[in-house]
Amino acid sequence: MKTMVLTALTVLMFSGMASAANWWETIKVKGDLRYRHEMIDEADKDVRHRQRIRVRLGVYGEVNEYMRAGLQLATGSDDPVSTNQTLDGAFSTKGIGVDMAYFEAKHPALPGVVLKGGKFKNPFFKPGQSELIWDSDLNPEGGTISFTHELDKVTINLIGAGLWIDERSSGKDSWMGAAQGVLKVKLDDKSSFAFGGGYFNYVNTEGYGAFYDDDFQGNSTSVIIDTVIGNSDDTSYVSSYFYANDFDLVELYGEFTHKFDKVPVTVMGDYVTNTAADSVNTGWLVGLHIGKASKPGSWAFRYNYREVEKDAVVGNFTDSDFRGGGTDAKGHELGGSLVLAKNAAFNASYFINKIGLDAGEKDFNRMQLDLQLKF
């Protein structure tokens with residue numbers, strides 16, 4: 001009932017943007033539901049099985065000829081990289097929250113320029129949908145300005161962003177300034193490639209606590225131990241942990257796509273280094289995608305291998321499925337999709353990972369079987 005009320009209020013809000021005569025022509029409602037069975041097998045722990053759902057419902061509409069707005073609700077907790085909801089808690093009611101809420105503006109006087117603000121879909125280009133730096137469910141918050149220019153067979157994309165991470169009532173706020181450029185070239189009707197790079201500068205990270213849930217997820221930490229004396233016979237200690245490094249990430253990437261008898265094949269690579277850390281500061285990923293799951297009966301296969309050192313990227317924001325979320329790991333990811341019918345697909349993923357790159361490696365395996373529905 002709560003979800004239905006929220007949806008109704010959202011539609012009414014957007015309908016108020018347009019005239020009563022044509023509001024349905026400027027409003028778009030779409031959503032998806034995913035049902036997942038997941039198995040996690042981590043060394044020294046019991047094998048874990050769980051059922052999970054993800055539901056997202058979005059409403060998007062035109063404010064005027066220059067602006068549009070969007071709102072998306074989703075299941076899950078406040079985790080920035082997951083909208084999954086585990087089926088447990090004795091049939092308890094599941095939570096729902098704001099997954100996106102943003103505006104987008106452009107003007108004919110500035111062709112190719114788009115301004116966006118709020119909480120929005122990740123605006124950065126990811127070669128082959130790489131999750132080396134960003135989890136696919138991460139929706140950042142702040143503002144971006146982008147520029148797109150198309151020539152005969154070349155498209156240039158530039159973006160600048162200021163993203164808010166952690167506002168503190170006492171102490172300096174953490175935020176990120178970012179810039180990225182992508183050059184896309186169409187060679188012919190069957191082949192294309194894209195390459196580029198980005199810079200992501202986190203401000204006020206070293207010496208501050210974890211961005212989310214007091215969990216550094218593989219990143220290096222420093223510790224301050226405070227002595228607390230209750231009385232002369234009782235002394236206790238309190239440990240506080242902080243990021244040991246800042247994060248100034250430099251990323252380089254490329255992807256090449258060619259169609260073999262209408263079957264697209266993409267080869268891609270992604271590399272990142274954290275210039276603010278002196279060691280264990282690089283990550284890389286290479287991968288292959290075959291096919292495209294679009295029409296009923298169509299299919300797709302993917303494979304990638306990656307290594308992510310402890311301080312290559314921020315552990316809270318990288319892929320939450322690989323090694324259970326975070327850095328300091330390496331390994332394989334295999335997956336595939338089969339479209340069963342219109343708007344219905346079966347997806348499978350399997351991770352074969354090692355946690356710990358320098359010493360004490362342990363196995364981490366994860367299997368995910370999904371039924372994905374769109375409406």
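Residue numbers count from 1 along this sequence.
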Student: Would you indicate whether Lys94, at its atom NZ, is surrounded by more than 12 heavy atoms from other residues, nucleotides or ligands within a distance under 6.0 Å?
Tutor: yes
Student: Is the centre of the Phe364 ring less than 6.0 Å from the centre of the Phe322 ring?
Tutor: no
Student: Please find the pair of heavy atoms, one from Asn157 and one from Thr148, that lie closest to each other, and give the distance.
Tutor: ND2-OG1, 2.9 Å
Student: Any ion pair linking Arg366 and Asp41 (charged N to carboxylate O, less than 4.0 Å)?
Tutor: no
Student: Would Asn245 and Glu206 count as having a side-chain donor-acceptor pair, cut-off 3.5 Å?
Tutor: no
Student: Looking at Arg50 and Glu38, is there a salt bridge between them, counting it only when a charged N and a carboxylate O are closer than 4.0 Å?
Tutor: yes
Student: Using modelled atom types and a 3.5 Å cut-off, is there a donor and acceptor pairing between side-chain atoms of Thr83 and backbone atoms of Arg54?
Tutor: no
Student: I'd like to know if the side chain of Arg34 pairs up with that of Asn84 as donor and acceptor (distance under 3.5 Å, no hydrogens or angles considered).
Tutor: yes
Student: Using the ring-ring contact (aromatic ring centres under 6.0 Å, His included) criterion, which residues pair with Tyr243? Sequence neighbours excluded.
Tutor: Phe211, Phe216, Phe247
Student: Could you verify whether a donor N or O on one side chain and an acceptor N or O on the other, from Tyr212 and Asp78, lie under 3.5 Å apart?
Tutor: yes
Student: Indicate yes or no: at least one non-hydrogen side-chain atom of Phe193 is less than 4.5 angstrom from one of Leu187.
Tutor: yes
Student: State, without any angle test, whether Asn204 and Ser174 hold a side-chain donor-acceptor pair at a distance under 3.5 Å.
Tutor: no
Student: Looking at Phe200 versus Tyr202, is the centre-to-centre ring distance below 6.0 Å?
Tutor: no
Student: Before accepting this row, confirm whether a basic side-chain N of the pair Asp370/Arg36 lies closer than 4.0 Å to the acidic partner's carboxylate O.
Tutor: yes
Student: Can you sort out the partners of Lys126 under salt bridge (charged side-chain N to carboxylate O under 4.0 Å, His left out), two or more places apart, ordered by chain and number?
Tutor: none
Student: What's the separation between atom CZ in Arg56 and atom CZ in Phe375, rounded to the nearest 0.5 Å?
Tutor: 10.0 Å
Student: Checking salt bridge (Lys or Arg N to Asp or Glu O under 4.0 Å) for the pair Lys153/Asp188: CA distance, chi angles, key distance, verdict?
Tutor: CA-CA 9 Å; Lys153 293 185 178 181; Asp188 51 41; over 6 Å; no
Student: Is any side-chain heavy atom of Tyr60 closer than 4.5 Å to a side-chain heavy atom of Lys30?
Tutor: yes
Student: Sequence neighbours excluded and cut-off under 3.5 Å, please list the side-chain donor-acceptor pairs for residues 340-350, or say none.
Tutor:
{"unit_1": "Asn347", "atom_1": "OD1", "unit_2": "Ser337", "atom_2": "OG", "d": "2.8"}
{"unit_1": "Ser349", "atom_1": "OG", "unit_2": "Arg302", "atom_2": "NH2", "d": "2.5"}

Student: Side chains of Asn139 and Asp99 only: does a donor on one sit below 3.5 Å from an acceptor on the other?
Tutor: yes
Student: Would you kindly say whether Gln372 and Tyr35 are connected by a side-chain donor-acceptor distance under 3.5 Å?
Tutor: no
Student: Do Glu333 and Tyr305 pair up side chain to side chain, a donor and an acceptor below 3.5 Å, judged on atom types alone?
Tutor: no
Student: Please report the C-alpha distance between Lys119 and Glu141 in whole Å, then the side-chain angles of each, then the deciding distance to 0.1 Å, and finally whether the salt bridge (Lys or Arg N to Asp or Glu O under 4.0 Å) criterion is met.
Tutor: CA-CA 4 Å; Lys119 184 174 180 63; Glu141 303 163 12; 2.8 Å; yes
Student: For residues 260-277, tabulate all N or O donor-acceptor pairs below 3.5 Å that involve a side-chain atom, not counting sequence neighbours.
Tutor:
{"unit_1": "Thr266", "atom_1": "OG1", "unit_2": "Thr257", "atom_2": "OG1", "d": "2.8"}
{"unit_1": "Asp270", "atom_1": "OD2", "unit_2": "Ser130", "atom_2": "OG", "d": "2.8"}
{"unit_1": "Asn274", "atom_1": "OD1", "unit_2": "Asp248", "atom_2": "N", "d": "2.9"}
{"unit_1": "Asn274", "atom_1": "OD1", "unit_2": "Ala276", "atom_2": "N", "d": "3.1"}
{"unit_1": "Asn274", "atom_1": "ND2", "unit_2": "Asp246", "atom_2": "O", "d": "3.1"}
{"unit_1": "Asn274", "atom_1": "ND2", "unit_2": "Asp311", "atom_2": "O", "d": "2.9"}
{"unit_1": "Thr275", "atom_1": "OG1", "unit_2": "Asp248", "atom_2": "O", "d": "3.0"}

Student: Tell me every residue that passes salt bridge (charged side-chain N to carboxylate O under 4.0 Å, His left out) with Arg323, counting only those two or more places apart in sequence or in another chain.
Tutor: none
Student: Can you confirm whether Tyr303 is buried at OH, in the sense that more than 12 heavy atoms of other residues, nucleotides or ligands lie under 6.0 Å from that atom?
Tutor: yes
Student: Kindly determine whether Asp166 and Arg168 satisfy salt bridge (Lys or Arg N to Asp or Glu O under 4.0 Å), including the steps that lead there.
Tutor: CA-CA 6 Å; Asp166 197 358; Arg168 300 181 177 93; 3.5 Å; yes
Student: Tell me yes or no: between the side chains of Arg52 and Thr86, is some donor less than 3.5 Å from an acceptor?
Tutor: yes
Student: For His149, check ring-ring contact (aromatic ring centres under 6.0 Å, His included) against everything at least two apart and list the hits.
Tutor: none
Student: Could you walk me through whether Glu131 and Arg306 pass the salt bridge (Lys or Arg N to Asp or Glu O under 4.0 Å) test, one step at a time?
Tutor: CA-CA 10 Å; Glu131 296 184 84; Arg306 77 191 88 173; 5.6 Å; no
